[in-house]
Amino acid sequence: MTEEQLTTKQKNKLEAIVITFTVIVLAIFFGVQLIMKTGVFHEPGQLIFADSMTEANQDFVNNNLEDINHLNLAENVTINALESTTSLTNLSSSTTKDDVTTETRFILYDILLPVTTFDDPTLTITPAAAKSGNLISVWNLTPEHKLLALSENSENILDAKYYLDDLTNGAFFQYLEISGTDIHDVDKITDQLRPKIAAFPTKDTLLTLAQTGVTALSRRMNTKLNQIGDATYFAEKIAPFLSSFDFTHTSNESSFSNFANGSNICSAPIMIDALTAIGLDIVELTGNHNQDCGDADAIATIEQYHDLGMRTFGGGVSASAAAIPLTIDAKDTNITLLGYNLSTGGYTLDETPGANFYTEEKARQDIADAKARGDFVIVDVQYYECNEYVDINENTTCDAATSSAGDQVGLFRSLIDMGADIVVGTAAHQPQTFEQYHGGTIYYGLGNLFFDQSAWPGTTRSLILIHYFWQGNLIQTRIVPTVYDGNLQTELMSTINAEKFLARLLNARPAPAED
């Protein structure tokens with residue numbers, strides 16, 4: 001064998017060894033991958049629905065993931081459904097166990113609200129009872145429903161969790177929990193699903209307007225003020241609640257005057273502090289006592305409101321000024337507030353100050369103009385009073401919308417028929433009944449928010465209406481009763497007393513209208 005042949009044989013042998021070694025290495029390499037299901041033998045990740053996922057949950061995911069059959073997941077991803085009575089503050093988490101890190105993302109899927117019917121006096125419900133009761137999605141909430149606060153057994157209504165107040169409690173928050181060991185898989189699914197869910201209410205999109213009844217910081221309240229020296233005393237128990245809303249309204253019947261004393265319906269000048277304490281934004285001037293201490297004080301009071309940034313309607317420094325509607329344009333919501341006086345006096349027909357006098361022609365035109373703008377229309381009326389409250393015992397006569405001077409029910413209903421969405425009576429010194437009528441809502445009388453009429457049970461109470469607007473629509477009006485005693489400090493009723501009182505007012509509703 002020649003030297004050249006020997007060299008060739010050695011080369012061939014060496015190549016065979018290299019090939020054999022390579023085959024063995026590759027066999028081991030791919031064998032390990034086959035056993036470990038990695039590399040080219042790695043099985044694609046799967047989307048796994050946990051047992052908690054309802055059929056509706058699964059349909060939502062399946063219908064909204066793009067090309068669900070070709071997600072190309074690196075690892076398995078599990079989607080779980082969970083529920084909480086408090087919204088989650090952190091929608092992303094990462095946990096490590098046995099050197100394996102699991103990434104989790106949470107998507108708010110729905111918010112279920114405990115509701116009852118409009119004519120149910122119930123204000124609160126326990127979470128357990130709510131789960132077996134009537135729950136609706138926040139997107140389906142309308143004024144025909146009555147939203148309930150969640151509470152285990154709270155005497156203080158403010159301790160109950162009312163969803164529309166802070167949007168983080170008082171409901172059942174439903175989430176999709178997306179978990180997996182590959183962060184890219186988890187984020188891929190999260191990023192596809194999250195935009196498919198409609199927006200929920202936020203503080204930036206939910207408009208709140210609190211309407212209150214009669215305010216007359218006068219007579220014995222002036223005497224009390226002289227004793228204590230601080231006008232915020234009258235508001236201190238109610239101020240945190242009323243000042244929490246975007247807009248707070250009252251119908252103030254008493255102008256500020258240096259002539260204020262313990263027997264007239266005029267307010268000491270520092271009584272303005274009681275109004276600023278409740279965060280007052282809107283002053284209704286339909287009352288019949290604003291000129292009790294003279295035109296000059298009435299005009300100066302209106303100017304003071306404006307200097308403080310408060311807006312007025314239903315009255316003014318002249319008849320033309322009094323007739324100007326108040327419009328609110330905020331948070332994609334447009335509201336017109338109209339105020340009229342059809343009472344025992346206090347209105348103006350000329351260049352003197354006073355309330356906006358009611359005529360059907362004027363109201364019809366004002367409402368039509370507001371509806372043409374696409375506004376939500378609230379009409380407040382200072383109507384002839386029901387005066388059957390002189391008994392120191394409970395008297396239910398004025399619970400009904402009755403007045404010896406005219407047809408209160410007929411007038412208020414006619415305003416709804418003209419196109420108003422809500423009609424509110426702001427003359428009654430005691431709360432009156434309320435009803436839904438032809439697609440609108442009527443609150444016949446709100447009672448006294450601030451006044452000195454503590455001798456009669458009926459006149460120590462009032463109703464606060466909190467209107468909640470979202471995406472341009474009214475979705476709820478909450479009714480919160482108040483009460484004061486001889487100390488003249490207004491506060492919220494206890495839950496049990498409020499529910500009893502609302503039941504009493506509901507029992508006094510007028511007969512349904514004949515269509």
Side-chain angles (χ1 to χ4, degrees), residues 43-97 100-116 125-141 145 147-152 161-164 166-202 205 470 475:
E43 295 182 356
Q46 296 181 348
L47 188 63
I48 301 170
F49 291 133
D51 292 341
S52 60
M53 292 285 285
T54 64
E55 184 176 345
N57 295 150
Q58 295 181 40
D59 287 344
F60 170 79
V61 173
N62 291 330
N63 293 334
N64 288 289
L65 280 179
E66 299 173 5
D67 199 5
I68 192 170
N69 295 320
H70 298 87
L71 286 173
N72 297 320
L73 300 177
E75 303 292 343
N76 290 343
V77 174
T78 300
I79 302 184
N80 176 49
L82 60 86
E83 186 175 82
S84 173
T85 54
T86 302
S87 64
L88 301 180
T89 57
N90 192 347
L91 299 180
S92 178
S93 68
S94 179
T95 58
T96 301
K97 183 178 180 181
V100 177
T101 299
T102 300
E103 297 290 340
T104 302
R105 306 290 181 265
F106 300 93
I107 299 176
L108 183 57
Y109 172 72
D110 201 356
I111 300 174
L112 299 183
L113 305 176
V115 297
T116 185
I125 190 171
T126 66
K131 287 295 291 182
S132 60
N134 189 16
L135 294 173
I136 64 169
S137 171
V138 64
W139 295 307
N140 297 326
L141 183 63
H145 305 106
L147 177 63
L148 299 175
L150 289 181
S151 174
E152 288 297 346
K161 305 302 182 183
Y162 190 77
Y163 167 71
L164 291 176
D166 70 5
L167 306 178
T168 63
N169 292 283
F172 297 93
F173 299 85
Q174 297 195 320
Y175 291 89
L176 298 180
E177 180 188 57
I178 303 170
S179 300
T181 56
D182 188 290
I183 188 172
H184 300 292
D185 290 341
V186 173
D187 287 341
K188 182 194 316 184
I189 293 175
T190 302
D191 292 343
Q192 286 190 32
L193 292 181
R194 186 168 281 155
K196 303 298 183 179
I197 299 174
F200 295 102
T202 67
T205 61
W470 183 45
I475 60 172

For this session: Go through the structure and list residues passing ring-ring contact (aromatic ring centres under 6.0 Å, His included) with Tyr175, not counting sequence neighbours.
Result: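 For Tyr175 there are no ring-ring contact (aromatic ring centres under 6.0 Å, His included) partners, ignoring immediate neighbours.
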Spell out, as yes or no, whether a donor-acceptor pair under 3.5 Å connects the side chain of [X] to the backbone of [Y].
| X | Y | value |
| --- | --- | --- |
| Asn57 | Thr54 | yes |
| Gln58 | Met53 | yes |
| Asn169 | Thr86 | no |

Which residues share a side-chain hydrogen bond (donor to acceptor under 3.5 Å, both in side chains) with [X], sequence neighbours left out:
| X | result |
| --- | --- |
| Ser84 | none |
| Thr202 | Thr205 |
| Thr101 | Thr96 |
| Lys131 | Glu83 |

Test of understanding: with side-chain contact (heavy atoms from CB on, under 4.5 Å), list the residues that count as partners of [X], not counting sequence neighbours.
| X | answer |
| --- | --- |
| Asp185 | Leu73, Ala74, Glu75, Val77, Asp182, Lys188 |
| Thr104 | Ser93, Thr102, Phe106, Glu177, Ser179 |
| Glu152 | Thr126, Pro127 |
| Ile197 | Phe60, Ile107, Tyr109, Trp139, Phe200 |

Quick check: closest heavy atoms across [X] and [Y], and the distance to 0.1 Å?
| X | Y | answer |
| --- | --- | --- |
| Pro201 | Leu167 | O-CD1, 3.6 Å |
| Ser52 | Ala81 | OG-N, 2.9 Å |
| Leu150 | Ala171 | CD1-N, 3.7 Å |
| Pro114 | Leu147 | O-CD1, 3.5 Å |

When rounded to the nearest 0.5 angstrom, what distance separates [atom1] in [X] from [atom2] in [Y]?
| X | Y | atom1 | atom2 | answer |
| --- | --- | --- | --- | --- |
| Leu113 | Leu148 | CG | CG | 10.0 Å |
| Thr190 | Ile183 | OG1 | CD1 | 10.0 Å |
| Leu141 | Leu112 | CG | CG | 12.0 Å |
| Leu108 | Ser87 | CG | OG | 8.0 Å |
| Thr78 | Phe49 | OG1 | CZ | 10.5 Å |

Problem set entry | Pairing residues for Arg194 by the salt bridge (Lys or Arg N to Asp or Glu O under 4.0 Å) criterion, not counting sequence neighbours |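 Residues passing salt bridge (Lys or Arg N to Asp or Glu O under 4.0 Å) with Arg194: none at all.
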For this session: List for me each residue that meets salt bridge (Lys or Arg N to Asp or Glu O under 4.0 Å) alongside Glu103, sequence neighbours excluded, and say none if there are none.
Result: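 Once residues adjacent in sequence are excluded, the partners of Glu103 under the salt bridge (Lys or Arg N to Asp or Glu O under 4.0 Å) criterion are Arg105.
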Exercise. Can Val61 and Leu47 be said to form a side chain to side chain contact (heavy atoms under 4.5 Å, CB included), step by step?
Worked result: CA-CA 10 Å; Val61 173; Leu47 188 63; 4.1 Å; yes
Exercise. Hey, mind stepping through Leu65 and Leu193 against side chain to side chain contact (heavy atoms under 4.5 Å, CB included) and telling me if it holds?
Worked result: CA-CA 7 Å; Leu65 280 179; Leu193 292 181; 3.9 Å; yes
For this session: Please lay out, stage by stage, how Ile111 and Tyr163 fare under the test side chain to side chain contact (heavy atoms under 4.5 Å, CB included).
Result: CA-CA 10 Å; Ile111 300 174; Tyr163 167 71; 3.5 Å; yes
